[in-house]
Amino acid sequence: MTDDALTADVLVVGSGIAGLAAALAAARAGDEVTLATKATRPEGASSWWAQGGIAVSRDDPEQFKRDIVAASDGTADPDAVGVLVENANEAVEDVLLETLDVEFDQNGSGHDFTREAAHSEDRILHVDASTGKHVHVPFLNYLDGREDVEIRDDTAALELIRHEGRVHGAMLESDGAVEPCFAGSVVLATGGIGDLYPRTTNPENTTGDGVAMAALAGAEVEDMEYVQFHPTACVTEDGGDVAFLVSEAVRGEGGLLRNGEGERFMPDYHADAELAPRDVVARAVKSEREATGEVTLDVSPLDFAAEFPDLAQRCEEHDVDWTEGIPVAPAEHFLCGGVSVDDRGRTTLDRLYAVGECARTGVHGANRLASTSLLEGLVWGLRAGADAAGNDPDPIEAPDLLERDPDLPDRFASDKFHRLTRVMDEYVGVERDPDDLRRAMAVLRRLKGEVDAYVRTRTSRSLYELRNASVTALLVARHAAENDESVGTHNLVSDERDERREQMAD
Ligand SMILES: Cc1cc2nc3c(=O)[nH]c(=O)nc-3n(C[C@H](O)[C@H](O)[C@H](O)COP(=O)(O)OP(=O)(O)OC[C@H]3O[C@@H](n4cnc5c(N)ncnc54)[C@H](O)[C@@H]3O)c2cc1C
């Protein structure tokens, strides 16, 4: 170890709401914090993209808890749900209102609380339909102005530094150079796994790094099969890329899903038609796209431009003529599982914490209630940051990672990535078949083996992202294969379900 090695009391990895909250709490506790983030712009975090808002507890906290548990198909951990709901208002008031002065939308009598699917009261604070950026940008700016927090952007954590069950820091890469950062505690806040799938609502480079790094270091990981797909992401003309997310609210206001033959199909799938649970709609959209070529969201029943000006503008930006219907497809949206943590974000490894979407707190169980993930990131971020503070860094021998190899063809990573996303889409997507899951595991194992061989000889950020994505993909496939019960977001192909659908159609 060199004398001038980087050190921090707390190293936070990731600059979404969870990482920012952890950094804030650790700094408030008197620690020097280094926050390393791959992002180069605020838009590099899912937190920036959040639309609907952040749920808080209003008149009936017990009902809020019941709603979360019901949305999870009864699988959420009641203790974790209790922590979330009981700390929601204090966290929002302290950080978002008093510290950051976020101006949530108001009506004549105060905050304009809205309601989303499966909430039984109006309890969601929002700013238009673009809440994320109105929270995220002031949060980043606030921490950037603090002397006890150093934000290093365009800096990726590649690997944790671990010795005998304790984490001592992480290897950081910036501009091709790799160096250790030793820390009293490390908080992983690396977000979701969108890039494992060809279509995702997440920003680029969401490769499940935190989950993979923690798993490779020996931390416990749970519930990885519970991947939420959003049913209506607007897709580009060739049906490939996601242009933007079309919020559920559009269906709530009367938008209708039509297949390639112009037929409305959701009543054939569920009594609640377009307002059926997310996973039901996602499966139906997928199946109708396969059968008829495309699915569009018909917005003619509503005054789209007046009711959803942001979305109408986004259509314009992406050359989508919404008067003809918005082309939609399911897209990976949120990971409910992740690195197992307790009520203070502690993982099973000493001095390693995980918060936000990369963590499995138990709040979401097999499925997530809308507008609870910003809140989870905020609440657990604050709790983990406070708990992580107060430990001195203890530098040890760091792993010897090779400097970036300029000769490594960029295509190596992109070709393998393509293979990985195809496998995930085909075999580990919105609906799963046990044989397909086994097939996926075999392909992913081979792919991971090939990538591991490269990582041993060369270092580059894209290669590490690929390694992380292959580790995480394998975890999703393995956990899915081990779970033979369709629950929440984990849906096994079942003749029973097809029979039910046929009966409804008759
Ligand atoms: C389009 C969209 C709409 C949504 N709407 C809502 C909503 O209305 N309400 C709600 O509650 N939730 C919503 N969600 C979900 C919610 O936004 C996310 O779950 C939440 O913001 C995740 O926060 P996070 O801090 O865990 O991760 P993120 O905000 O994704 O941040 C992760 C950070 O980690 C960094 N990072 C990753 N790997 C590394 C690495 N190896 N080294 C360094 N840095 C790394 C990334 O660059 C990024 O800065 C939405 C999500 C999307 C995509």
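Quick caveat, the model's predicted, so the values are computed rather than measured. Atoms within a ligand are numbered from 1 in the order they appear, just like the ligands themselves.
- The closest protein non-hydrogen atom to atom 27 (O) of ligand 1 is G191 CA, 3.3 Å.
- Of the listed residues (G53, A55, A36), the one carrying the non-hydrogen atom nearest atom 9 (N) of ligand 1 is G53.
- Applying the 4.0 Å criterion to heavy atoms of L245 picks out, from ligand 1, the atoms 1 (C), 3 (C).
- Under 4.0 angstrom from ligand 1, the non-hydrogen atoms of T372 all belong to its backbone.
- The proximity of R152 to ligand 1, defined as any non-hydrogen pair under 4.0 Å, does not occur for either the backbone or the side chain.
- The closest approach between a heavy atom of I54 and any atom of ligand 1 is not below 4.0 Å.
- The shortest contact between atom 44 (N) of ligand 1 and any protein heavy atom is with K38 N, 3.0 Å.
- At a threshold of 4.5 Å between non-hydrogen side-chain atoms, the residues F417 and T207 count as touching.
- Ligand 1 lies less than 4.0 angstrom from a heavy atom belonging to S371.
- Residue contacts with ligand 1, taken as heavy atom pairs separated by less than 4.0 Å, involve T155 solely via the backbone atoms N, CA, C and O.
- Residue contact check: F334 has heavy atoms under 4.0 Å from atoms 19 (O) of ligand 1.
- Atom 4 (C) of ligand 1 has as its closest protein heavy atom A50 CA, 3.4 Å.
- Atom CD of E317 sits in a crowded spot, with more than 12 heavy atoms from other residues, nucleotides or ligands closer than 6.0 Å.
- Distances from atom 24 (P) of ligand 1 to the heavy atoms of S47, G52, C358, G377 put S47 nearest.
- Using a 4.0 Å cut-off to heavy atoms of N202, the atoms of ligand 1 that qualify are 53 (C).
- The protein heavy-atom contact nearest to atom 47 (O) of ligand 1 is A39 N, 3.3 Å.
- Not a single heavy atom of E159 sits less than 4.0 Å from an atom of ligand 1.
- Shortest contact from atom 22 (C) of ligand 1 to any protein heavy atom: E357 OE1, 3.8 Å.
- Under a 4.0 Å N-O distance rule, the pair D452/K448 qualifies as a salt bridge.
- Salt-bridge formation is not detected for the pair R251/E253: no Lys NZ or Arg NE/NH1/NH2 atom is positioned less than 4.0 Å from an Asp or Glu carboxylate oxygen.
- Contacts of P203 with ligand 1, taken as heavy-atom pairs under 4.0 Å, are absent altogether.
- A centroid separation of 6.0 Å or more is found between the aromatic rings of F113 and F104.
- Within ligand 1, the atoms closer than 4.0 Å to a non-hydrogen atom of G356 are 26 (O), numbered from 1 in the order shown.
- Ring orientation note: the planes of H318 and F244 are tilted relative to one another, at an angle of 30° to 60°.
- Against a heavy-atom cut-off of under 4.0 Å, A156 is close to the following atoms of ligand 1: 42 (N), 43 (C).
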(request) Take H126 and D112, measure what side-chain hydrogen bond (donor to acceptor under 3.5 Å, both in side chains) needs, and give me the verdict at the end. (result) CA-CA 8 Å; H126 65 105; D112 175 39; 3.0 Å; yes
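- Taking the six-membered ring where the residue is Trp, the centroids of F334 and H364 are separated by under 6.0 Å.
- Of the protein's heavy atoms, G14 CA, 3.6 Å lies nearest to atom 35 (C) of ligand 1.
- Salt bridge present: E248 and R278 bring a charged side-chain N and a carboxylate O closer than 4.0 Å.
- Taking atom 14 (N) of ligand 1 as the reference point, the nearest protein heavy-atom neighbour is S373 OG, 4.0 Å.
- From I161, atom CD1 reaches atom CZ of R166 across 11.0 Å, with rounding to the nearest 0.5 Å.
- At least one heavy atom of H333 sits less than 4.0 Å from an atom of ligand 1.
- Ion pair D67/R123 flagged as a salt bridge, since at least one NZ, NE, NH1 or NH2 atom sits closer than 4.0 Å to an Asp/Glu carboxylate oxygen.
- If you check which protein heavy atom lies closest to atom 11 (O) of ligand 1, you get L374 N, 2.8 Å.
- Of all atoms in ligand 1, numbered sequentially from 1 with element shown, those under 4.0 Å from a heavy atom of D209 are 38 (N), 39 (C), 40 (C), 41 (N).
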